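Let me begin by presenting the structure, written as structure tokens, before commenting on it.
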Amino acid sequence: MSIHNHSSYYITAAFIAGIVLTLGYKDVYPDLERRFREKIRRNRSPVPHPPPGEPDHVRLEDRSKSVAGTSKRSAQSVTTVYDIKEGIEGAIGNTPLIKIKSLSDATGCEILAKAEFLNGAGNSPKDRVALSMITMAEEEGLLTPHSGDKVYEGTVGSTGISLAAICRARGYLAHICMPNDQATEKSDLLLKLGAVVERVKPASIVDKGQFVNMARTRAAEHTADPNIPGRGFFADQFENTANYIAHFNGTGPEIYAQCGGQLDAFVAGAGTGGTISGCALYLKPRVPGLRVVLADPQGSGLYNKIKHGVMFSSTEREGTRRRHQVDTIVEGIGVNRVTANFEAGRECIDDAVRVSDGQAMRMARWLVEKDGIFIGSSSAVNCVAAARVAKDLGPGHRVVTILCDSGTRHLSKFWAKTGNIGGDDSATLADILEFKD
């Protein structure tokens, strides 16, 4: 074969191969180009940042390799892991511990407050309790989601609000019985959350019409009526030990971790008694020398129970009771009976501080004026007692207390009497602690 024929053969073969390669590359080229462009985009894209309020969890991995004959180069792979919660229940717990600067400066102690008003369902420590009671009832077969089961509770407000929100999230309805002298914004909020609200006259616990007894009755009536779907479940926050267990498993461990185990006193009020008992039972064995102190409003008998072992209040004298069981404008804490939740941790409580309405109102004003902290009445009582304990301990100690809920739930009652803040910040802490009604 001549050189000319060889050349023609090669040219023809190359031409045919070119056609084949072109047709094949035409099919795969779009996919190759897409992958190439995606790779360029990924390399150029910055590491995403979490939205405001979300923790930025970053994991760093050292993937350095030493190559023989070359210098060692370090490279780190950064992976962002978002902390996504499961429903509104996931926003309960892990609340921040904040330093109250004005009280710390005034006492020489570090006064820290667990910001329980930042719980995400009902915005109070009762979120923990409500979730615990409902979860335990489900585990025991007493509640079934989306079955018509209804949760009944007697409450002055905060527990009802937490129950109403969590019931909606888990497939239940809530029926709340409460005294008709509580702040109206609480019952208004309950209605907006879809709860049935039954306001009853204030009465002693021995009265069948008392708000807790009424809730128990309504739950029994529901269960007994074949014409009403589902069952009635009486949550019973005062006697249901799921209450203090929620704080033993949650609030107490969180405080311990946030303080690094270093605190000298824990101060809290008691209504049901769950918060102080649960936290005390967890903290006391783990913090040597810890003092647990009850903050009690005027008219409550728990102060005397801790101080003298006898449940008695001066408002119980014949002819002296002006309102009902606890003669105070403070809502949420103070009671004249020992509940199962309070009794669970009573032996861990070392002392008690009595706080008057006047002191609570002045403390609430102080915290707005000095720190911009707007709290409700029970939180104000806690802060008065925390400041008193800090003064008694002396400078250099750490005192932890609870900020229960926002002042927005106390506008029509506690804050109506406390008044507006007019910029007068001349009061001293001594003026508050030494104030006599």
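The structure presented is a predicted model; accordingly, all values stated were derived computationally and were not measured. Here, residue 1 is the first one in the sequence, and each next residue gets the next number.
Residues D188 and K186 are not paired through a salt bridge, judged by the lack of any N-O separation under 4.0 Å between the basic side chain and the carboxylate. Note on E138 versus R170: salt bridge recorded, some NZ/NE/NH1/NH2 to OD/OE distance being below 4.0 Å.
The aromatic rings of F374 and W415 are tilted relative to each other, their planes meeting at an angle between 30° and 60°.
Shortest non-hydrogen contact noted between S102 and L367 is OG-CD2, 4.4 Å. D405 approaches S378 most closely through the heavy-atom pair OD1-OG, 4.3 Å.
Under a cutoff of 6.0 Å and an axis angle of 45°, R337 and F238 form a cation-pi pair. At least one cation-pi condition fails for R231 and F233: the charged atom is not both under 6.0 angstrom from the six-membered ring centre and inside a 45 degree cone around its axis. Cation-pi check for R291 over F266 is not met; the charged atom does not lie both under 6.0 angstrom from the ring centroid and within 45 degrees of its normal.
Not a single donor-acceptor pair under 3.5 Å links the side chain of S104 to the backbone N or O of E110. The backbone N or O of Y282 sits less than 3.5 Å from a side-chain atom of R286, completing a donor-acceptor pair.
Side-chain contact check for H222 and D149: no donor-acceptor pair (N or O, by modelled atom type) lies under 3.5 Å.
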Side chains of residues 381-394: which donor-acceptor pairs under 3.5 Å do they make with residues two or more places apart or in other chains?
{"unit_1": "N382", "atom_1": "OD1", "unit_2": "G269", "atom_2": "N", "d": "2.9"}
{"unit_1": "N382", "atom_1": "ND2", "unit_2": "I402", "atom_2": "O", "d": "3.0"}
{"unit_1": "R388", "atom_1": "NH2", "unit_2": "L433", "atom_2": "O", "d": "3.4"}

